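Note sheet for the following structure.
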Amino acid sequence: MRKLQYIAIASIASVFAFTSCSSDNNTDTEKPVVDLIAPKEGAKLEAGKDIHFDMVVSDNDGLASYNVDIHNNFDGHNHSGGDNHTHAIKTVNPTATEGKPFAFNKTWSLGGVKNDKIHHHEIIIDANAKPGNYHFVVKVLDKSGNQTMEFRNIEIVPTGEGDGGHDHDHDHDHDGDDHDHAH
């Protein structure tokens, strides 16, 4: 009789143990989806002008923020591993002494939305930026801490030598808003 009670108690205990382990594993591990529309790979961006920035982002749980980091690639480094993409473009004027290397790093909040279209022109390249190869890095973070990174090789060129603007339909009147979010 005792043996039967022991088996019954052990069976009931194992049912509770397996049930409690499998029911609470709802951790979000899905990374945000990023479609970086502009700038394009290899874009020639003019010193003293704004950068046309355009992307669409989404996440299953909610988006926390995005970061844009622009830094020079005068040493020819690349970003490897994870979501990183590496590309080679022709080195332009690597020994140029005029100008100061351009650098930009800023984070914007996305407030937990699941989808967003981001478009703005608030990143201005310094007029005295040193021409050459740069990396344009976008990092998108979701509410659970998952991150997706997109990379572009861009080139900063003297005024008048850029790609010549951009073609798209949108209203440039942002009424003082730093960037356009269409939820």
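Just so you know, these numbers come straight off a predicted model, no measurement behind them.
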For the hydrophobic clusters of this structure (ILVMFWY residues joined by side-chain heavy atoms under 4.5 Å, transitively), does one cluster hold both [X] and [Y]?
X   : Y    : result
M55 : I70  : yes
V33 : V138 : no
V68 : L141 : no

With heavy-atom distances below 4.5 Å as the criterion, would you say the side chains of [X] and [Y] are in contact?
X    : Y    : result
K100 : K130 : no
I118 : V57  : yes
S65  : W108 : no
E46  : T159 : yes
L36  : R152 : yes
L110 : Y66  : yes
Y134 : I156 : yes
D50  : I123 : no

Please test N133 against N153 for side-chain hydrogen bond (donor to acceptor under 3.5 Å, both in side chains), starting from the C-alpha separation and ending with a verdict.
CA-CA 7 Å; N133 296 329; N153 288 298; over 6 Å; no
Rounded to the nearest 0.5 Å, how far apart are [atom1] of [X] and [atom2] of [Y]?
X    : Y    : atom1 : atom2 : result
D163 : L45  : CG    : CG    : 6.5 Å
I154 : N72  : CD1   : CG    : 10.5 Å
N60  : S144 : CG    : OG    : 7.5 Å
D59  : T148 : CG    : OG1   : 8.0 Å
S58  : D116 : OG    : CG    : 10.0 Å
D69  : M149 : CG    : CE    : 8.0 Å

So, for [X] and [Y], which heavy atoms are closest and what is the spacing to 0.1 Å?
X    : Y    : value
N146 : D28  : ND2-O, 3.1 Å
V140 : P32  : O-CG, 3.7 Å
H71  : V137 : CE1-CG2, 3.8 Å
P39  : F53  : CD-CD1, 4.4 Å
A47  : A127 : CB-O, 3.7 Å
E41  : F151 : OE1-O, 4.2 Å

Whether F102 and F104 hold their rings parallel, tilted or perpendicular, with breakpoints at 30° and 60°
parallel
Looking at D54 and K117, is there a salt bridge between them, counting it only when a charged N and a carboxylate O are closer than 4.0 Å?
yes
For the pair K106 and E122, find out whether any cationic side-chain nitrogen is under 4.0 Å from an anionic carboxylate oxygen.
yes
Just checking, K40 and F136: is the charged tip under 6.0 Å from the six-membered ring centre and within 45° of the axis?
no
For the rings on H77 and H135, is their centre-to-centre separation under 6.0 Å?
yes
Are the side chain of D126 and the backbone of N128 linked by a donor-acceptor contact shorter than 3.5 Å?
no
Students should find that the hydrophobic cluster of V56, defined by side-chain heavy atoms under 4.5 Å apart, otherwise consists of I37
